[in-house]
**Q** 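Starting off with a structure, shown below.
Side chains included, hydrogens not; waters and symmetry mates left out as well; all remaining heavy atoms used. Position 1 is the first residue of the sequence, and the numbers go up from there.
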Amino acid sequence: MDEVTAAVEATTLYRFFRAGDEETLALRGVSMTLHPGEFVTVVGPSGSGKSTLLACLAGIDEPDGGSVRVGGKRMSHQPETVRARLRADELGLLLQNRNLLPHLTVRQNIGLVQRIIKHPQPKSIMPLLDSLGIGNRADALPHDLSGGELARAGLAVALANDPIAVLADEPTGELDGTSEREVLQALKDRAAHGTAILVASHSSAVADTSDRVIRLSDGRVTT
C-alpha cells in the first residue's frame with residue numbers, strides 16, 4: 001500500500017464459475033491499485049473478465065481467492081450487510097442500465113441514494129446536476145431524457161454519496177460521439193477533484209482519455 005491510501009486495491013483475485021462439469025476461469029490472479037484522482041480504463045475483448053472484475057471490486061460478487069480493499073477497508077469475504085454498507089458509503093456505481101429507477105425523476109433518484117447513506121448530510125442536488133449540465137432536467141423521468149442526458153443522470157446518481165471511487169461498466173457504450181465526450185469530460189472533471197475513476201470499456205475514446213490502461217485477456221492482466 002502506498003503512503004496515500006488507495007481508493008481501491010485488489011490483490012490476486014480469482015473467480016471461477018461452474019455449470020455442471022464445465023468450469024470457467026473468469027479472473028486469474030488479477031491485482032490492481034486505483035489511486036485517488038486517477039482515471040483508469042480496463043479494456044479487453046468480451047469474456048476477458050472486465051465486468052467480473054468490477055463486480056468483485058464493488059462487492060456485488062465475491063472472489064474465490066484474493067482480496068479487495070476500498071479506502072483501506074476490506075470489502076471481500078465479508079457478510080453481505082458489511083459489503084453493502086461499504087459500497088453505499090464509499091463507491092459510486094455507473095452500470096449499463098444507468099442505475100435509474102424509471103418511475104422516479106432524476107431529483108428523486110439522487111435523493112433516494114442520499115437517504116441510504118449511513119450518516120446522511122442533506123445537500124442540495126442542484127449543484128451536482130448543474131455541474132453535469134442537466135440542471136434543467138431535475139424533474140424529468142428517465143424515459144424523457146436523451147441518451148446523453150440519461151448517461152449524465154446515471155453519473156449524478158453514482159456521485160450522490162461523494163464516493164472515493166466511481167466504478168463504471170461501459171458507461172458510453174450506447175452513446176453518440178458528442179454524448180460520449182460530454183460524459184468523459186464529466187468523469188475527468190470528477191477525477192480532477194480527487195475521485196478515483198475506473199471504467200470498463202471497449203471504446204478507444206475512453207482509453208485515450210484515461211491516465212492509465214489495464215488490459216485483460218482470459219482473466220489475466222496482460223499490461
Side-chain angles (χ1 to χ4, degrees), residues 41-42 46 50-62 70 75 80-81 83-191 195-203 205-206:
T41 302
V42 180
S46 296
K50 299 188 302 296
S51 294
T52 301
L53 174 60
L54 260 64
C56 288
L57 297 179
I60 295 171
D61 193 12
E62 277 278 62
V70 174
M75 170 69 86
E80 168 57 24
T81 52
R83 287 185 280 128
R85 183 75 271 156
L86 184 57
R87 184 165 57 243
D89 289 346
E90 305 291 0
L91 295 177
L93 304 183
L94 183 54
L95 307 177
Q96 293 185 52
N97 63 8
R98 310 299 182 214
N99 47 328
L100 295 169
L101 295 176
H103 62 287
L104 298 181
T105 66
V106 174
R107 186 195 305 271
Q108 290 168 336
N109 268 283
I110 296 171
L112 179 62
V113 172
Q114 290 182 335
R115 287 195 295 273
I116 294 172
I117 302 172
K118 186 174 183 180
H119 300 294
Q121 299 292 327
K123 297 170 61 176
S124 173
I125 289 168
M126 292 312 299
L128 174 59
L129 294 180
D130 288 339
S131 72
L132 296 172
I134 52 172
N136 62 330
R137 307 298 276 153
D139 296 312
L141 291 169
H143 66 75
D144 292 324
L145 301 176
S146 68
E149 289 171 340
L150 194 61
R152 282 177 283 162
L155 178 56
V157 171
L159 296 173
N161 63 343
D162 289 325
I164 62 172
V166 171
L167 308 180
D169 192 1
E170 295 287 359
T172 66
E174 299 178 0
L175 301 181
D176 59 33
T178 298
S179 296
E180 181 175 50
R181 286 190 293 272
E182 291 173 346
V183 171
L184 289 178
Q185 186 59 55
L187 289 169
K188 285 178 64 178
D189 291 345
R190 195 67 185 193
T195 304
I197 307 293
L198 182 67
V199 180
S201 179
H202 287 98
S203 169
V206 178

**Q** Residues two or more places apart in sequence or in another chain: which of them pass side chain to side chain contact (heavy atoms under 4.5 Å, CB included) with Thr178?
**A**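 Once residues adjacent in sequence are excluded, the partners of Thr178 under the side chain to side chain contact (heavy atoms under 4.5 Å, CB included) criterion are Asp176, Arg181, Glu182.
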**Q** Please report the shortest heavy-atom distance between Glu62 and Cys56, naming the atom on each side.
**A**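 So the minimum-distance heavy-atom pair works out to C-SG, 4.2 Å.
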**Q** For the residue pair Arg152 and Val183, establish whether any side-chain heavy-atom pair is separated by less than 4.5 Å.
**A**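 SC-SC contact between Arg152 and Val183 confirmed.
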**Q** Restricting to non-hydrogen atoms, name the atom on Pro171 and the atom on Ala200 that form the minimum distance, rounded to 0.1 Å.
**A**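 Nearest pair, atom of Pro171 first, then Ala200: CD-O, 4.1 Å.
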**Q** Between Val199 and Val42, is there a side-chain heavy-atom distance shorter than 4.5 Å?
**A**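 Counting from C-beta outward, Val42 and Val199 never come under 4.5 Å.
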**Q** Can you tell me how far the CG atom of Leu159 sits from the CG atom of Leu94, to the nearest 0.5 Å?
**A**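 With rounding to 0.5 Å, CG (Leu159) is 8.5 Å from CG (Leu94).
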**Q** Would you name the heavy atoms of Ala191 and Ile197 that are closest together and state the gap between them?
**A**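 Distance-wise, the nearest heavy atoms are CB-CG1, 4.0 Å.
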**Q** Between atom OG of Ser51 and atom CG of Asp61, what is the distance when rounded to the nearest 0.5 Å?
**A**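 Separation between the atoms: 11.0 Å.
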**Q** How many angstroms lie between CG in Leu175 and OG in Ser146, if you round to the nearest 0.5 Å?
**A**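 Here the interatomic distance stands at 9.0 Å.
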**Q** Could you tell me if the side chain of Asp189 sits less than 4.5 Å from the side chain of Ser131, heavy atoms only?
**A**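 Result no, sub-4.5 Å side-chain heavy-atom pair not found.
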**Q** Could you report the tightest heavy-atom contact between Val206 and Leu184, atom names first, then the distance?
**A**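 Shortest heavy-atom separation between Val206 and Leu184 comes out as CG2-CD2, 3.8 Å.
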**Q** Sequence neighbours left out, what passes side chain to side chain contact (heavy atoms under 4.5 Å, CB included) with Ala156? Give chain and number order.
**A**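 Side chain to side chain contact (heavy atoms under 4.5 Å, CB included) list for Ala156, sorted by chain: Ile110, Leu128, Leu129, Leu132.
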**Q** Please find the pair of heavy atoms, one from Leu100 and one from Pro142, that lie closest to each other, and give the distance.
**A**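 Of all heavy-atom pairs spanning Leu100 and Pro142, the closest is CB-CG, 4.1 Å.
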**Q** Donor-acceptor pair, distance only, cut-off 3.5 Å: does the side chain of Arg83 make one with the backbone of Gly59?
**A**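 Flag set: sc Arg83 to bb Gly59 pair under 3.5 Å.
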**Q** Stepwise, does the side-chain contact (heavy atoms from CB on, under 4.5 Å) test hold for Leu145 with Val106?
**A** CA-CA 10 Å; Leu145 301 176; Val106 174; 3.8 Å; yes
**Q** Measuring from Asn161:CG to Gln114:CD, what's the distance to the nearest 0.5 Å?
**A**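 The distance works out to 9.0 Å.
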**Q** Just wondering, do Ser203 and Glu180 contact through their side chains at under 4.5 Å, heavy atoms?
**A**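 Glu180 reaches Ser203 side chain to side chain.
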**Q** Salt bridge (Lys or Arg N to Asp or Glu O under 4.0 Å): which pairs involve residues 125-134, sequence neighbours left out?
**A**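 As it turns out, there is no salt bridge (Lys or Arg N to Asp or Glu O under 4.0 Å) pair with a partner in residues 125-134 once direct neighbours are skipped.
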**Q** Taking Arg87 for its side chain and Ala58 for its backbone only, find out whether a donor-acceptor pair lies under 3.5 Å.
**A**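 Yes, the answer is positive, given that a donor and an acceptor are paired below the 3.5 Å cut-off.
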**Q** Using every non-hydrogen atom in the two residues, find where Pro163 and Arg190 come nearest and quote the distance to one decimal.
**A**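 What the structure gives for the nearest pair is CD-NH2, 4.4 Å.
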**Q** Taking salt bridge (Lys or Arg N to Asp or Glu O under 4.0 Å) as the cut-off, I'd like each qualifying pair that reaches into residues 140-149, sequence neighbours left out, listed once.
**A**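 For residues 140-149, and leaving out neighbouring residues, the salt bridge (Lys or Arg N to Asp or Glu O under 4.0 Å) pairs sorted by first residue read Arg137-Glu149.
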**Q** Using the side chain to side chain contact (heavy atoms under 4.5 Å, CB included) criterion, which residues pair with Ala196? Sequence neighbours excluded.
**A**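 For Ala196, the residues satisfying side chain to side chain contact (heavy atoms under 4.5 Å, CB included) (neighbours in sequence not counted) are Ala7, Leu34, Ala165.
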**Q** With rounding to the nearest 0.5 angstrom, report the CG to CG distance, Asp169 to Leu93.
**A**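 That separation rounds to 10.0 Å.
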**Q** Could you please spell out the steps behind the side-chain contact (heavy atoms from CB on, under 4.5 Å) verdict for Val70 and Leu91?
**A** CA-CA 8 Å; Val70 174; Leu91 295 177; 3.8 Å; yes
**Q** What residues form a side chain to side chain contact (heavy atoms under 4.5 Å, CB included) with Leu104, not counting sequence neighbours?
**A**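 By the side chain to side chain contact (heavy atoms under 4.5 Å, CB included) rule, Leu104 matches Leu101, Gln108, Asn109, Leu112.
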**Q** Look up atom CD in Glu90 and atom CZ in Arg85, then write down how far apart they are to the nearest 0.5 Å.
**A**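 Answer for the CD-CZ pair, Glu90 versus Arg85, is 10.0 Å.
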